[in-house]
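Here the structure is laid out as C-alpha cells; the discussion comes afterwards.
Labels below follow one simple rule: chain letters A, B, ... track the order of the sequence lines, proteins then strands, and each chain is numbered from 1.
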Number of protein chains: 2
Amino acid sequence: MADNRQKLTKIALSKVQKAGLRGLSFRTLADEVGIKSSSVHYHFPEKADLAQALIEQYSAAFTSQLETISAGGGSLMRKLSRFMDVIESVASSDSVCLCGMLAAELESLSAENRYALKRFFADMEDWLAREIAAHQAELSTSLEPHQLAKVMVSGVEGALIVGRVHGSTEHLAAQRTVLANLLRFEDRT
Amino acid sequence: MADNRQKLTKIALSKVQKAGLRGLSFRTLADEVGIKSSSVHYHFPEKADLAQALIEQYSAAFTSQLETISAGGGSLMRKLSRFMDVIESVASSDSVCLCGMLAAELESLSAENRYALKRFFADMEDWLAREIAAHQAELSTSLEPHQLAKVMVSGVEGALIVGRVHGSTEHLAAQRTVLANLLRFEDRT
DNA sequence: GTCTATAGGCAGATAGAC
DNA sequence: GTCTATCTGCCTATAGAC
C-alpha cells in the first residue's frame with residue numbers, strides 16, 4: 001500500500017515522543033506496520049530522512065494550530081490558554097514534545113535535522129512574541145515580548161520532560177497558573 | 001589504579017551531559033580512561049549502576065551548592081541569582097543538566113534510576129519553594145511557592161535543552177530577567 | 001513497494017587468566 | 001583491578017529478486 005508511508009510516520013512519531021529517535025529501530029517500526037525493515041528504507045533511506053519528515057510534519061501541524069488560535073481572536077489570556085491546550089494535548093501517555101525530545105538527542109542529529117529543530121523553536125517563540133506584543137496592554141509586566149516568549153518555550157518544553165518523570169501534569173499546570181498571573185485582566189472572552 | 005573509578009564517573013558525567021546515556025558506551029568510556037571495557041564492568045556491573053552513581057554524585061554536588069547559597073543569606077534576589085549561576089555553570093560546552101538529559105531518556109532507565117531522578121527534581125523544587133516562602137514579603141506575586149518553584153525547575157531544564165539547539169544562553173538569560181521581575185525589591189545585598 | 005538475505009559494525013555483558 | 005577473548009544480540013544499511 002502506498003499509504004504505508006503515512007503509517008510509518010504516524011507510528012514513528014508516537015515512538016520517538018516516548019523513547020527518542022535512538023529508541024526507535026527500523027525493525028520494530030516495520031513490525032508494527034507489518035512490513036520489513038528494508039521496506040522502511042525504501043521510504044526513508046536513512047534514519048535522518050525519517051527524522052526530517054517527522055519534524056516537518058510535526059512543525060506544520062503545530063504551526064497550523066497556532067494560526068487557528070490567532071484567527072480565533074479574543075484576549076491574550078484566551079490565546080495563551082489555548083496555546084497551553086495545544087501543548088497539553090501532546091503530553092498524554094508518556095510522551096513529550098517531539099522537538100523537545102530531539103533537542104535532547106541533538107548530538108546525534110544531522111545538520112538538516114538540527115536546522116529544522118531550530119526553526120521549530122524559533123517559530124513558536126515568534127508566534128508567542130507576536131501575540132504578546134499585540135496585546136501588551138493586557139500585560140501586567142513591561143518585559144520584552146521575546147523575553148517572555150523564550151521563558152514560555154523553555155517552560156513548556158521543560159514541564160513536559162520533568163513532568164513525565166513524576167508522572168504528572170502539575171508542572172504544566174503551574175506554568176498555566178503563573179502565565180495567567182502575568183495578565184492584568186481576567187479572561188472575558 | 002583505584003581512582004580509575006573516579007576517572008570513569010568524571011568522564012562519563014561529561015559524556016552523558018552531552019550525548020545522553022545511550023550515547024555513551026563502555027568501550028569508548030574505557031578508551032578515554034585507558035583501560036578495557038571489561039574493567040569498567042568491574043566497577044559498574046551494569047550500565048544502570050553507572051547511571052545511578054552519576055545521578056547520586058551529581059545530586060549531592062547540586063544539593064551542596066544550594067545549601068551554600070542558603071547559608072550565605074541575603075535577599076531572595078541574591079539567592080535566586082546564585083541559583084541561576086549554578087545552573088549556568090553546568091550549561092557550558094554543549095552540555096545540559098545531567099538529570100534533564102536522563103529525564104528525556106526516561107523510558108530506558110531502571111526503576112532505581114527513575115526514582116533518583118524524581119528525587120533530584122523534587123529536591124530542587126523544595127529548596128526553591130522553601131526559599132521563596134521564607135522571603136515571601138519580597139515577592140511581587142501571591143502565587144504559591146511550590147507553583148513558582150515548579151515553573152523555575154521546568155524553566156531552567158527547558159532553557160538548557162532548547163538553548164543548546166540555538167547554541168546560545170539567551171533562554172537562560174531570559175529566565176533570569178523574568179525571575180527578577182517577580183521580585184518587589186531590588187537586590188540590596 | 002515489498003521481499004529475502006546478508007554484510008558489517010557496535011553494543012552490553014561474562015568467563016577465566018594473571 | 002585489569003586483561004584477552006568471546007558470546008549474543010541488536011542496529012543501520014544495501015543488493016538483488018519479484
Side-chain angles (χ1 to χ4, degrees), chain A residues 1-55 57 101-102 104-114, chain B residues 1-55 57 98 101-102 104-114 116:
Chain A
M1 310 184 215
D3 56 15
N4 269 349
R5 195 179 207 274
Q6 273 190 324
K7 286 190 194 171
L8 285 169
T9 53
K10 186 185 168 189
I11 295 177
L13 173 63
S14 155
K15 285 254 175 197
V16 174
Q17 283 185 271
K18 292 186 175 77
L21 191 63
R22 280 204 179 100
L24 174 76
S25 79
F26 274 35
R27 273 178 170 74
T28 62
L29 177 57
D31 282 351
E32 293 210 31
V33 175
I35 58 178
K36 294 296 171 181
S37 72
S38 53
S39 301
V40 179
H41 280 284
Y42 167 79
H43 294 287
F44 307 100
E46 301 186 9
K47 216 176 179 185
D49 298 316
L50 173 58
Q52 191 66 20
L54 291 182
I55 300 171
Q57 213 168 293
M101 178 62 85
L102 293 178
E105 296 182 295
L106 188 70
E107 144 278 347
S108 66
L109 299 182
S110 73
E112 195 188 19
N113 291 166
R114 291 178 192 208
Chain B
M1 309 182 218
D3 56 16
N4 269 348
R5 193 177 207 274
Q6 273 190 325
K7 285 190 194 171
L8 285 169
T9 53
K10 185 183 167 189
I11 295 177
L13 173 63
S14 155
K15 285 254 176 198
V16 174
Q17 283 184 271
K18 291 187 175 77
L21 191 62
R22 278 198 171 109
L24 174 76
S25 79
F26 274 36
R27 276 176 168 75
T28 62
L29 177 57
D31 282 351
E32 292 210 32
V33 175
I35 58 177
K36 293 297 172 180
S37 72
S38 52
S39 301
V40 179
H41 280 283
Y42 167 81
H43 294 286
F44 307 99
E46 299 186 9
K47 216 177 181 186
D49 298 316
L50 173 57
Q52 189 66 20
L54 293 182
I55 300 171
Q57 213 168 293
L98 173 78
M101 178 62 85
L102 293 178
E105 295 182 297
L106 188 69
E107 145 276 349
S108 66
L109 298 183
S110 74
E112 195 187 20
N113 291 166
R114 290 178 192 209

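Distances shown here put a side-chain N or O of B/Ser39 below 4.0 Å from the OP1 or OP2 atom of D/dC3. Using a 4.0 Å cut-off, some side-chain N or O of B/Asn4 falls inside it from OP1 or OP2 of D/dT2.
The side chain of A/Ile35 lies closest to C/dC3, out of C/dC3, C/dG12, C/dG1. Closest approach to the B/Glu46 side chain among C/dA13, C/dA11, D/dC3 is made by C/dA13 (side chain taken as heavy atoms from C-beta onward).
We find that CZ of B/Arg27 is positioned 12 Å from C1' of D/dT4, with the value rounded to whole Å. Atom NZ of A/Lys36 and atom C1' of D/dT14 are 17 Å apart (whole Å). Rounded to an integer number of Å, the gap from A/Arg5 CZ to C/dT2 P is 12 Å. In this entry the distance linking CG of A/Leu50 with P of D/dA13 reads 10 Å, nearest Å. Computed from coordinates, the A/Leu24 CG to D/dA13 P distance equals 12 Å when rounded to whole Å. Computed from coordinates, the A/His43 NE2 to C/dT2 P distance equals 4 Å when rounded to whole Å. Atom CG in B/Asp31 sits about 13 Å away from atom C1' in C/dC10, given to the nearest Å. Rounded to an integer number of Å, the gap from NE2 of B/His41 to C1' of C/dA11 is 9 Å.
If you check distances only, the side chain of A/Ser38 does reach the base of C/dT4 with a donor-acceptor pair under 3.5 Å.
A heavy-atom distance below 4.5 Å is found between the side chains of B/Glu105 and B/Leu102. Residues A/Leu13 and A/Gln57 are not in side-chain contact: their nearest non-hydrogen atoms beyond the backbone lie 4.5 Å or more apart. Two residues are said to be in side-chain contact when any heavy atoms from C-beta on lie closer than 4.5 Å; A/Lys15 and A/Leu29 fail this criterion. Between A/Leu50 and A/Val16, the closest side-chain pair of non-hydrogen atoms is not below 4.5 Å.
The residue B/Tyr42 sits close to a base: some heavy atom pair falls under 4.0 Å. Backbone-only engagement by A/Ser25 is indicated by non-hydrogen atom pairs under 4.0 Å involving sugar-phosphate atoms exclusively. No contact: B/Leu29 has no heavy atom under 4.0 Å from any strand.
Without hydrogens or angle criteria, B/Asn113 side chain to B/Ala48 main chain gives a donor-acceptor distance under 3.5 Å.
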